Amino acid sequence: MIAVTFPDGASRQFEPGVSGLDIAKSISPSLAKRTVAMALDGELRDLVDTIDRDAKIEFVSREDPRALELIRHDCAHLLAEAVQELYPGTQVTIGPVIENGFYYDFYRSEPFTPDDLPAIEKKMREIVARDAAITKEVWSRDQAKTYFTAKGEAFKRELIESIPGGEDLKIYRQGHWLDLCRGPHLPSIGKVGTAFKLMKVAGAYWRGDHNNPMLSRIYGTAFAKQEDLDAYLHRLEEAERRDHRRLGREMDLFHFQEEGPGTIFWHEKGWALFQSLVSYMRRRQKAAGYREVNTPQVLDRALWETSGHWQTYRENMFLTKTEDERIFALKPMNCPGHVQIFKNGLKSYRDLPVKIAEFGIVHRYEPSGALHGMMRVRAFTQDDAHIFCNEDQIMEEALKVNDLILTIYKDFGFDDVVVKLSTRPEKHVGSDEAWAKAEAALHKVLEELAARGLKTGVNPGEGAFYGPKLEYTLRDAIGREWQCGTTQVDFNLPGRFGAFYIGADSEKKTPVMIHRAMFGSLERFTGILIEHYAGHLPLWLSPLQIVVCTITQDADDYAYEVAAEARKLGLAVDLDLRNEKITYKVREHSLAKVPALLVVGKKEAAERTVSIRRLGSQAQSSATLADALAALAAEATPPDVKEA
RNA sequence: GCCGGUUUAGCUCAGCUGGUAGAGCAACUGAUUUGUAAUCAGUAGGUCGCGGGUUCGAAUCCUGCAACCGGCACCA
């Protein structure tokens with residue numbers, strides 16, 4: 001006999017081989033009816049699975065959050081069945097659950113288009129209505145291979161072949177349709193319900209490898225209840241309203257045009273925002289002991305050969321040939337330039353660490369399909385720095401960088417940060433010993449960060465070609481993750497360039513170089529901020545902070561005075577004296593995301609007050625001109641200046 | 001780079017099976033002097049992404065290219 005323990009702590013004896021369903025039935029038929037799966041010792045399993053050892057069991061109803069994965073997984077199968085019913089000859093491949101939904105990849109000579117989706121979805125609803133039972137069978141590898149080969153399912157056959165021999169395969173059957181699958185699944189296809197929607201089609205390489213054939217992928221989402229689906233679709237609309245490309249246009253920050261794919265035309269206001277970020281970072285860095293420099297935009301090919309960029313990344317570099325046949329490259333990174341500055345003039349061990357910073361504009365010829373607004377561009381500004389130090393200083397310096405990064409993210413309201421270590425990639429330069437040392441150093445740092453309570457992780461094989469790195473990912477206001485900051489330990493480039501310092505023993509020593517960026521790309525960070533704040537920039541970052549709006553012409557003189565006083569305090573002010581209703585002005589400036597409106601009419605002019613309306617609120621308050629401006633000026637002070 | 005889609009006025013979009021373009025908002029002009037998210041009336045505005053082709057005739061059909069959008073791959 002085996003002991004099965006229930007969530008309430010009660011325990012009962014059963015014969016080995018009893019199924020979850022049997023147990024549920026033994027408790028009550030209604031429980032058996034509403035249960036869609038079970039969790040055995042916390043692991044989600046099919047209800048029909050048998051139990052042959054002591055275990056904790058939980059019955060999972062359709063409404064249980066854990067059932068959502070099953071609903072989505074079954075919905076992927078449902079999609080596949082519908083597609084094969086409607087489009088015979090289409091081959092199935094894989095259909096996993098992903099964040100917010102699922103997809104299924106098909107192979108078909110003619111890829112699916114968005115126009116196909118309504119018909120497929122309709123068919124899916126028909127199949128749901130049939131409510132066929134989902135049953136599980138265990139097949140041998142050979143049996144499965146024979147079956148899918150005979151059916152012409154070449155991709156499934158390949159999948160089966162990649163499964164280690166000896167393992168039995170699970171087949172899930174729903175009505176006339178079946179698929180090879182790991183499971184678990186719901187008891188019947190009708191349990192998927194109707195709160196699902198096909199979202200989009202896309203091409204995707206078989207097994208994620210661009211050397212493989214391209215499959216036709218259909219994305220969908222599913223929820224337990226219609227209201228959850230509606231809420232999700234609403235969230236998508238919200239995200240769309242935050243899109244920095246849209247807000248950039250609406251707020252008159254920047255634009256793109258055809259002649260400069262992946263490059264930004266910054267308008268006055270956008271550039272003011274950009275410059276606020278640069279000034280802020282410049283102050284923070286200076287306080288942390290960095291020395292700001294500037295290095296050439298265009299450098300001889302030979303330098304990139306020395307660094308290794310030429311060999312590794314030439315096809316992604318912008319190249320230019322001059323009349324005398326010399327080949328130059330627009331810099332894709334700042335590090336070689338900074339090494340040149342380090343090398344210029346003899347350095348002693350007493351000088352270390354040397355921290356060289358630059359707001360360096362780099363050009364990278366990104367694949368056309370990768371471009372995405374300001375998030376992925378071909379020319380961007382890095383808040384780049386290189387710390388030249390000795391091996392013993394790595395830990396301390398990396399921790400200082402860490403502290404600075406966290407301070408900076410906090411100033412923008414990013415408190416949820418994850419740090420991941422990326423280790424040696426296939427394409428790399430340098431010896432195994434150097435890599436081992438560098439990775440060991442960062443591992444130690446990572447452990448220290450974990451000990452301090454930071455969320456940490458590892459991305460194997462994701463390092464830079466010259467060294468491993470720590471990558472900082474932050475989470476924005478609507479829960480999306482953005483990888484921004486990076487700390488990279490490099491035992492390679494300084495040596496390749498022959499950089500050295502004189503050690504305490506009077507011998508030449510090769511320094512270690514730590515590459516680090518905090519915003520990463522200023523352009524991208526600006527885009528992230530726009531979306532994070534949904535355009536409602538905090539006062540200290542807003543390019544236009546105040547608009548003084550008059551109610552009638554009678555207040556014009558006073559409005560000029562208000563604006564002049566505000567400017568004296570360094571606030572960015574516009575005047576709206578137009579002959580329009582105040583409702584019109586409020587609407588217009590609210591849509592333009594102006595953080596503060598100072599409304600003045602006859603009353604305010606007489607009393608020397610202002611009526612204050614802040615973006616995002618319908619409320620108005622009144623204050624004397626001096627008090628109102630003092631409060632706004634205080635709020636407009638950058639956080640690092642406030643600290644000082 | 002690969003797959004699919006899109007490209008018409010400053011913005012959002014309409015324009016069916018080919019008969020040389022239309023709306024709303026914005027802009028401009030005039031009237032209105034207004035109390036916290038759209039005052040009224042009028043006017044003007046378009047190489048229909050770019051190139052080639054079919055046709056008596058192309059925004060519409062075919063074709064090449066580009067940019068953008070959604071994914072995939074890539075991201076030093």
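Fair warning: this is a prediction, and the values are worked out from it, not measured in the lab. In what follows, chains carry the letters A, B, and so on, assigned in the order in which the sequence lines appear, proteins first and then strands, with residues in each chain numbered from 1.
- Here the two rings, on A:Tyr104 and A:Phe102, have centers that are 6.0 Å apart or farther.
- Taking the ring centroids of A:His363 and A:Phe380, they lie at or beyond the 6.0 Å cut-off.
- Here the side chains of A:Tyr219 and A:Leu198 are not in contact, with every heavy-atom distance at 4.5 Å or above.
- Here the P atom of nucleotide B:C72 and the CZ atom of A:Arg217 are 6 Å apart, to the nearest Å.
- Note on A:Asn316: a base of the nucleic acid sits closer than 4.0 angstrom, heavy atoms only.
- Two residues are said to be in side-chain contact when any heavy atoms from C-beta on lie closer than 4.5 Å; A:Val362 and A:Gln382 meet this criterion.
- Using a 4.0 Å heavy-atom cutoff across all strands shown, A:Tyr466 reaches sugar-phosphate atoms only and no base atom.
- A straight line from CE of A:Met513 to C1' of B:A76 spans 12 Å, rounded to a whole angstrom.
- The base-pairing partner of B:C50, taking Watson-Crick or G-U wobble contacts with both distances under 3.5 Å, is B:G64.
- Remark: A:Glu433 pairs with A:Ser431 by the side-chain contact (heavy atoms from CB on, under 4.5 Å) rule, at least two apart or across chains.
- Across all strands shown, B:C40 pairs with B:G30; the Watson-Crick or G-U wobble distances both stay below 3.5 Å.
- Comparing A:His363 and A:Lys581 by the nucleotide of RNA chain B that holds the closest heavy atom to each, the one mapping nearer the 5' end is A:Lys581.
- In this model, no side-chain donor or acceptor of A:Tyr365 finds a partner on the base of B:G1 within 3.5 Å.
- Between A:Phe112 atom CZ and B:G5 atom C1' the separation is 16 Å, expressed in whole Å.
- At the heavy-atom level, A:Gly208 lies under 4.0 Å from the strands shown only through sugar-phosphate atoms.
- Between A:Met214 and A:Glu462, the residue anchored closer to the 5' end of RNA chain B is A:Met214, taking for each the nucleotide with the nearest heavy atom.
- Every side-chain contact (heavy atoms from CB on, under 4.5 Å) that A:Asp209 has, sequence neighbours left out, goes to A:Asn211, A:Asn212.
- Counting distance only, with no hydrogens placed and no angle test, the side-chain atoms of A:Glu604 and the base atoms of B:G35 include a donor-acceptor pair under 3.5 Å.
- Checked against the 6.0 Å centroid threshold, A:Phe254 and A:His267 do not count as a close aromatic pair.
- Of the candidate nucleotides B:A37, B:C3, B:G71, B:A37 has the atom nearest to the side chain of A:Arg587.
- Residues passing the side-chain contact (heavy atoms from CB on, under 4.5 Å) test with A:Glu588, sequence neighbours excluded: A:Arg578, A:Tyr584.
- Atom CG in A:Asn212 sits roughly 11 Å away from atom P in B:A73 (whole-Å rounding).
- Taking the side chain as every heavy atom from C-beta outward, A:Ile94 and A:Tyr103 approach each other to under 4.5 Å.
- Among B:G4, B:U33, B:C72, the nucleotide with an atom closest to any side-chain atom of A:Pro114 is B:G4.
- Using the Watson-Crick or G-U wobble rule with both distances under 3.5 Å, B:G18 pairs with nothing in any strand shown.
- With distances taken from any side-chain atom of A:Thr552 to the nucleotides B:A76, B:G71, B:U33, the minimum falls on B:U33.
- You'll find that the side chain of A:Pro332 is closest to B:A76, out of B:A66, B:C72, B:A76.
- Base pairing of B:A59 is not made with any nucleotide, judged by Watson-Crick or G-U wobble geometry with both donor-acceptor distances under 3.5 Å.
- As the counterpart of B:G4, B:C69 is assigned, both hydrogen-bonding distances of the Watson-Crick or G-U wobble pattern falling under 3.5 Å.
- Between A:Ile551 atom CD1 and B:U39 atom P there is a gap of 14 Å when expressed in whole angstrom units.
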I'd like a list of close polar pairs between nucleotides 11-16 of chain B and the protein, N/O only, cut-off under 3.5 Å.
| from | atom 1 | to | atom 2 | distance (Å) |
| --- | --- | --- | --- | --- |
| B:U12 | OP1 | A:Arg249 | NH2 | 3.4 |

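- Contacts between residues 606-621 of chain A and RNA chain B, defined by a heavy-atom separation below 4.0 Å, involve A:Ser611, A:Arg613, A:Gln618, A:Gln620, listed by number.
- If you measure from atom OH of A:Tyr584 to atom P of B:C40, you get 11 Å, rounded to the nearest angstrom.
- In this structure, of B:C75, B:C3, B:C74, it is B:C75 that holds the atom nearest to the side chain of A:Arg364.
- Between A:Tyr107 atom OH and B:C72 atom P the separation is 20 Å, expressed in whole Å.
- Following rounding to the nearest Å, A:Glu426 (CD) and B:A76 (P) show an atom-to-atom distance of 14 Å.
- A:Thr381 meets the side-chain contact (heavy atoms from CB on, under 4.5 Å) test with A:Phe274, A:Phe359, A:Ile361, A:Leu522, A:Glu523; sequence neighbours excluded.
- If you check distances only, the side chain of A:Arg376 does reach the base of B:C74 with a donor-acceptor pair under 3.5 Å.
- Residue A:Ser216 places no side-chain N or O under 4.0 Å from the OP1 or OP2 atom of B:G4.
- The partner of B:C75, taking Watson-Crick or G-U wobble pairs whose two distances both stay under 3.5 Å, does not exist in any strand shown.
- The A:Ala370 side chain lies nearest to B:C74 when the options are B:C74, B:G4, B:U39.
- Screening A:Tyr87, A:Phe112, A:Phe155 against A:Tyr107 for a ring-ring contact (aromatic ring centres under 6.0 Å, His included) leaves a single residue, A:Phe155.
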